[in-house]
Every structure is written in structure tokens, then in C-alpha cells.
Amino acid sequence: MIGLDKNGIAQRIAQEVQNGYYVNLGIGIPTLVANFVRKNIEVEFQSENGILGMGPFPFEGEEDADLINAGKQTITALKGASFFDSSTSFGMIRGQHVDLTILGAMEVADNGDIANWKIPGKMVKGMGGAMDLVASAENIIVAMMHTNRAGESKLLQACSLPLTGVACVKKIVTNLACLEVVKEGFLLLERAPGISVEEIVAATKGNLIVPKHVPEMML
Amino acid sequence: MIGLDKNGIAQRIAQEVQNGYYVNLGIGIPTLVANFVRKNIEVEFQSENGILGMGPFPFEGEEDADLINAGKQTITALKGASFFDSSTSFGMIRGQHVDLTILGAMEVADNGDIANWKIPGKMVKGMGGAMDLVASAENIIVAMMHTNRAGESKLLQACSLPLTGVACVKKIVTNLACLEVVKEGFLLLERAPGISVEEIVAATKGNLIVPKHVPEMML
Amino acid sequence: MITKRVNSVADALSGVTSGMTLMLGGFGLCGIPENAIAELVRLNVNQLTCISNNAGVDDFGLGLLLQKKQIDKMISSYVGENAEFERQMLSGELAVELIPQGTLAERCRAAQMGIPAFYTPAGYGTEVADGKESRDFNGKPHLLEHAFKADFSFIKAWKGDEAGNLIFKGTARNFNAPMAGAARICVAEVEELVPVGTLDPNTVHVPGIFVQRIFQGEQYEKRIEQRTLSQRA
Amino acid sequence: MITKRVNSVADALSGVTSGMTLMLGGFGLCGIPENAIAELVRLNVNQLTCISNNAGVDDFGLGLLLQKKQIDKMISSYVGENAEFERQMLSGELAVELIPQGTLAERCRAAQMGIPAFYTPAGYGTEVADGKESRDFNGKPHLLEHAFKADFSFIKAWKGDEAGNLIFKGTARNFNAPMAGAARICVAEVEELVPVGTLDPNTVHVPGIFVQRIFQGEQYEKRIEQRTLSQRA
């Protein structure tokens, strides 16, 4: 039981990106989503440190210390880009002008709660923009592995870690499945290639709703 | 009993403008103050519709519909000027970055209350930016005639007209006198040229504090 | 890039109906969305609530909508310079809500930036405070003010591109910038629609994300309200 | 014009003393006030409270102040990438207050713009909400957040003039713009101090009124934290 790798998760999430979307990508797997978005739709990526219309990494010799993304990586600006300050940037997020937020998580609860910023007793690095993003965005997709390194489910009835946001996650794509958060819990939408419903049930602790037919993902 | 004309009032107020001041001038007499500010000090004029570093009226043929002041008059921009939006402009005012506000009034009370925007029963044009200015500025000087057309004092114990702001006026320059608002009322600082203390007392309804010696204004 | 360009002012105003709340940029006649206003007149929508710092003059700007009695309510800071406005207001045909100018601007910006409410000292102790919550901060009383809610905002910029990025000129930025993205749909009209890539991303005043539709206005009168001049020496 | 130019970084930091609350612009190492930080190290002021989105890396940015234990408290949104920081925090030498990044930015802007408090949904239902007032707007819970109070803000721009007008480049605008005018004294350092009249008033990002002192930095390292590259085809 392995299912998708990180690129596979990103590829599946890219299918959720629709024409005309402004998208904010978190660090890690979400960053990879940009590589898989269909070329025939209009999409712009926002990075909360102050750019709209973010492009790929620069070629060697063209990197600019004044042009980075929220992961502090050197980037480029596409035609039609704009730069702005942090207050304006989070205004875009808080004002729900950004259509889709994709971010990682340590835990997601079956009511949509998310925990992704703090492990008590361990070094705490801070929430960065995650709390603003999850409190504001109308459409939040979580990209993560289905289980942690100890093999325990990251999809729970209630988060055990300090929360980042409350009842906000709409969809989750893991190495095993694509799930939607509905009133009753995690609705299993799709299986990863080669993964059975039983394997997903076994790896999920939160309330899981399993329809009669659960199709395999089309990648 | 006439005392100063409008230019005289503006000239006296100009003496209050200090080196390094950002100044917001209201419509009417306050606008004239710019003509009398000493040339050897650094001053910038802000107009709340979105310019800092406002210059004189343009020469004929150089007027620009996109460059006006808060009185809707065509103006020019000096070297070092900047343009900004209305939200930022009132941020400058609310954030007390503007050092001095000079505006007209219909009535001032001896606790510093000011009324200058509405006469009930008459056409009401609106407060414009006056309420923001008087609620925010640390240093507010009122330029006005001492009495109204009916000869009644505009310096009162309590305003009879709807207020623009509460306990905010610091200084008043009229055709008759220069006064400071202190805890006990209007402190008479200076007489206008040729005006006696008795004339000022007779024209003032609010509590007036008359020191032993009241010098004549130096213009 | 996400394209915001529409081909005509008619397309730009598609969906505007009677009874809506509209925001309109400009200060006096400076930076007003002339083409959108002309189209509102042509559409003959009425019972409008208009959030605009001023109400135009008798025969220009929002005065054109007032003449045709398309406006039921104005939310403004200053409404002088308009005889028809005065007549309708005194006769009770037109409702008017007057708001301090800085509060008006910040309530637009709050709507744009997803801030539902904020505190400001403006208007405390005046009739503007009637019915509003007040609270002391740093020993000074403030009023609680709320973000506006509007169906459309019509704004006007100097230059813009198809991505919706805008650049203003001089004091015509005024309410146009904070009204961008402050309504469900923001329609920007520009004097010049330039190809994408022309505008330096560093100099963009309003990023395209705040704009839903953009078009180049057919013509601009840009009337001057008070032509004041200096005498040449 | 009001001149804001000072002749040296020493003059620019005149009045900074131990125990003060300082704001420092930048995101990661992008747009940080390198020369002001170097001078703070030289001045050896300590017991500082620093409001800054990040805490630098071990040997650059605020990491330089942390090495010398000049900072008692950090108010930030993200503080990774710094081993000495971690050591001081875990040992209790350093107090850390973590704040959502958008709230951090807006609390700076609120201080700048004279808004004492505002509501935001960020952090509701999390430990960030502990001890804070909450209130529903439009059926959604929000937290009341207050403007920061600080003694100095140190910001860095690309270009500036003697009037204090600033222009930023790329994503180096970040917290530098909302921290301008957000403290009692705002010190701006620029890569290039240009003659007054050089900057187009239309393109100024921060008007000079928000800046008390300006100087051209002696040199800028502008270190890159994560040099990520695309492969040429």
C-alpha cells in the first residue's frame, strides 16, 4: 500500500484548478501543483509575500534576491504580474479574491478542522500565513500523506494537535484517496490507482462515508 | 469695529506654521494661508483628495483635470510630491501624520467643540473630510469671522448647531483676535490691530479669559 | 494570465439591474467612470443606491442619473454643487446618508480587504454617531464602522491591461483604488487599455485580482469643476 | 519640501535605546534593513522587542542580534531557519509571540493609518484566539485585533528621495510598506537616494510623510535564502 507519490497527489489536485482561478499554493506538495495545471486554462498564482502572476524558477544567472515566493525560493514574474505589500496581499486573501488555497496538513478532522503549524513540545516555527488562508478561503484543498511516519491516520474525528483553522477544509487528496468534507464526515470520492477501499478504510480514523462505487482516480 | 480682513486672518495663522509641518488647509480663508507662510521654512501641503506637496494654481493652458485639490480647484504638484488614494490619505490624517489642520467654522464652543457642516432646515451639503480631520488632528486652528452676519458671536459656551467634532479646537484666529482654547475657556492671546479688549469681550459669548496685558498682533 | 477584458461598455454592465447598490469612484468630477455612468443612463435602471463621495453636478457625473430619477439613495460625504440633487432631497424623493469622507474611504477599503469592521475616531460626539457603538482606545473614543456591501463598483483608471491591472494618474486615484474589489463585481474603465506586459509590475496601483471586467472608454470629457489659474508674472 | 535625509546610519538610529520596541521590514531575508540591523549590533542595545515577520538566519538579518542576545522578545509569524533562535526559545531566554501573517501585516497598517482596532477571521478557534474578543459578522466569527505600538520602524526600499518618498522593487515591498509610519519614528534606508523631482509622484509607494529619516545604505548583500533554478532546455 503506497499509492500516489508527491507528484501524483499534485497531479490529482491540479484537476481541481479551474479556468479563471487565482490560486495560493503552500510549501511542499502544493508547490508541485503548478507543474500539472492544464495549459489551456487561465490561472494565476498568488504568493502571499507579495506577487500575483508568479512564474517558474529563474534560469541560472537570472535569479533576483528581490523576487521570491513565500517559501523564500527565487522565482520569476509572468507577463501581467503585479507586486504589492503584505497588507494588500492578505487583503486579497481575507477578501476572498483568491479562489483556491492548496496547503499541507499534519491532521484533518472529519468536520474540516485542520492542524498544520504546531507540535507541542517540539520546536514551533509559526503559522506564517496559514491561519489567514484557512480562515478566509472559500475553497481549501489539503495535500498530504494519508498516514504519518508511524503509520497512523492523519484523517481523524478530532485533531489532536493545536488547530490552524476550524471547519474549513473542503477537499483532501492523499497518496491513497481523494475525499470531500461533508456534513457527516469524509466522503470517499476516488481511490488512488491500485488502492482498495478496504485499505483506505483501514487507514482512516475519522468518520468515512463510502459510496457503493468508488472510482479510481483518472490521472 | 472691523479688524482683519480674510488675508489678515490668513497672515496671522501662517505664523503658526512651523518648520517641518505637513498642513491640511480647508476651503475658504484657510486656503489663503499658503500665500503667507515664510519662505525659509520647510512645509508641505496635503489635500485630502490625494496629494502631498501641493503647489500653486497652474498657469493657463497647464491645468489638468486629473490634478485638483479638495475644493475641486485645479492645482500643481511641487517637486517631491506624491499621489495616493483616499483611504491612504485619511490614514495620514487619522494616523496623526499631518501636523496641522486649518479650517473654517460656523461656531466654536469654549471647550473646543466645533460646528461647521450643517444648518438644520437649510440645505445640507455634507461634512466632507472635516469630521475625520477634527477627530484626528492634534493641532487644529480655526479661521473665521468673530461674529456672524447678524452680528452674533460665533464663540459660544456651547454650539447651537450640530457638531463636527468634540473638544478638538486648539486655537482660533478671527478678524478681531487670536485665542487659545484652554480648560477654562477662550484665552485671549492677541488683539487684531486697532481692536480693543472691550470690543472683543462684547463680541464673545463663550467664557473669555482676559489676561492683564493683551498685545496687538504682529503682522 | 486571467483575461478581464470585455468588448463594450454594454458587456461591462451586464447584470446591472434596478434596485442594486453601486459604488462609483471619483472625487468631484475627477476620475469618475464617465462611460459606465452614461451606460447606466442608457440602461435606465432605477431605484439605485449609490455609494460615491460626491453626486456630480447638474449635467455631468451622477447628476445625469439624478436628472432621470434613477437614484433612490445616495451615500456620500459631500453633495453640494447640484441644484437637482437639492430639489429631490428637500422634496423627500431622494434619501441621503452623509458619512465622513475618511470613514467612507475606509469602509470601501474594508470591503475590498475582507475586514468586516474597524474603529475610527471620526464622527464621535456628532449625529454621525447616532445608533453606533463607541469604544475608547488609548483614552480616546472611537466609533465602530462596517464594511460596505455593494453589487457593482464602477471605477476609472488612466491605464490598464487585460489582466485587470490598473494605474491611475494624479489625484484621480481617490476612491477608485479602494472601491476596486469592494463589490461583488468591479468594472474598471480605462483611458488606455495597453497590451499585457506593458505595465511595470512594480508600478501597478490595483492588481488585476480586484477587477472582474475591464474596457477602454470610448471617450472622456474629463470636465474641470473649478478652473483656477495663476497669473504669469 | 520637508527634508528627511540624515547623513549616516548612526544619525538615522539616534535615540534608539535598550528596552525599546522595534519594527523591522522584510520577508525572510528579502527587503530587510541590512544597514539598520548592522548599526543595532554596533550600538549593542538590548532587551529589545522586535516586530518582524521572520527572525533571519543564524548569521544574517535578525540572527545577528539574536547571536548577541540583544532581543528579549520576537513578535513574528514564522521563525524557522535559525538554530540560535531555537536554542534561546527552548531555554526560555527569548520570548516569542506568534501571530498570523495577515494579522501581523494589518496590525502594522492599522498603526500606520490610525485605526486602533479591527476584526479579522484569522485565528478564530485556535490558540491565537486565547484572551481575545470574538464577534460574528455575516455569520462568521472574527477576532478583534489591535494596532501595534512601537518606538522605531526600520524599513528598506529600492529608491527614495530626500522628501522621504519610497519605491520598492519586486517582492521586497512586503512589510516595509505597512511599517512606514507605524512607529513613533520611521527610519528608511534605500539602495539609491535620488534627487528630489526624480521620482514620478504617480509611482511613489510610500509618501514621505510616513518617513522621519532616510539614508542611503553603504552596501547591500541581499542574500538569497533558497536559490531555486529552472534548467535551461
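Proteins come first, then strands; the chains are lettered A, B, ... in the order of their sequence lines, and each starts at number 1. Quick note: numbers below take in every heavy atom, side chains included, and nothing from hydrogens, waters or symmetry partners.
Side chains of A:S160 and A:E107: a donor on one and an acceptor on the other come within 3.5 Å. In this model, no donor atom of one side chain and acceptor atom of the other lie less than 3.5 Å apart for A:N24 and A:T101. Residues D:Y220 and D:E189 have side chains that bring a donor and an acceptor to within less than 3.5 angstrom of each other. Side-chain atoms of A:T74 and D:T228 include a donor-acceptor pair closer than 3.5 Å.
If you measure heavy-atom distances from D:F168 to chain A, you find no contacts under 4.5 Å at all. The part of A:T164 that comes within reach of chain D is its backbone (N, CA, C, O), which places non-hydrogen atoms under 4.5 angstrom from that chain. Heavy atoms of A:S89 lying under 4.5 Å from chain D are absent altogether. Contact of D:R227 with chain A is made through backbone and side chain together, with heavy-atom distances under 4.5 Å. Heavy-atom distances place no part of A:D113 under 4.5 Å from chain D, backbone and side chain included. Both the backbone and the side chain of A:A70 come within less than 4.5 Å of a heavy atom of chain D. Residue D:N176: no heavy atom, backbone or side chain, is found under 4.5 Å from chain A. Only the side chain of D:E191 comes within contact range of chain A, with heavy atoms under 4.5 Å apart. Heavy atoms closer than 4.5 Å to chain D are found in both the backbone and the side chain of A:V124. Contacts between D:L104 and chain A at a heavy-atom distance below 4.5 Å are absent for every atom of the residue.
For the set A:S86, A:A135, A:G126, the entry with the most heavy-atom pairs within less than 4.5 Å of chain D is A:S86. Most heavy-atom pairs under 4.5 Å with chain A: of the set D:A177, D:G102, D:A55, D:G31, this distinction falls to D:G102. Counting heavy-atom pairs closer than 4.5 Å to chain A, the top residue among D:S76, D:C108, D:A172, D:G80 is D:G80. Taking D:E106, D:Q231, D:R109, D:M89 one by one and counting their heavy-atom pairs under 4.5 Å with chain A, the maximum is reached by D:E106. Options A:S87, A:S47, A:A167, A:G61 differ in how many heavy-atom pairs under 4.5 Å they form with chain D, and the most are formed by A:S87. Interface summary for chain A: among D:A105, D:G170, D:G28, D:A122, the most heavy-atom pairs under 4.5 angstrom belong to D:G170. For the set A:K72, A:K118, A:M131, the entry with the most heavy-atom pairs within less than 4.5 Å of chain D is A:K72. Between chain D and the residues A:G129, A:S136, A:P58, the largest count of heavy-atom pairs under 4.5 Å involves A:P58. Chain D forms the most heavy-atom pairs under 4.5 Å with one residue out of A:D64, A:V134, A:V166, A:I68, and that residue is A:I68. Comparing A:N49, A:I75, A:L133 by how many heavy-atom pairs each has under 4.5 Å with chain D, the most go to A:N49.
Environment of CD in D:E221: crowded, with over 12 heavy atoms of neighbouring residues, nucleotides or ligands closer than 6.0 Å. Within a 6.0 Å radius of CD in D:E93, other residues, nucleotides and ligands contribute more than 12 heavy atoms. Heavy-atom contacts from other residues, nucleotides or ligands closer than 6.0 Å to NZ of D:K222 number more than 12. Taking a 6.0 Å sphere around NZ of A:K79, one finds it holds 12 or fewer heavy atoms contributed by other residues, nucleotides or ligands. No more than 12 heavy atoms of other residues, nucleotides or ligands shown are found within 6.0 angstrom of NZ on A:K6.
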Criterion salt bridge (Lys or Arg N to Asp or Glu O under 4.0 Å) on D:E97 and D:K73, from CA distance to verdict: CA-CA 8 Å; D:E97 185 180 343; D:K73 183 176 181 183; 3.1 Å; yes
Worked check of salt bridge (Lys or Arg N to Asp or Glu O under 4.0 Å) between A:E138 and A:K170: CA-CA 8 Å; A:E138 297 220 46; A:K170 296 284 179 293; over 6 Å; no
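Side-chain contact check for A:F90 versus D:T120: every heavy-atom pair is 4.5 Å or farther apart.
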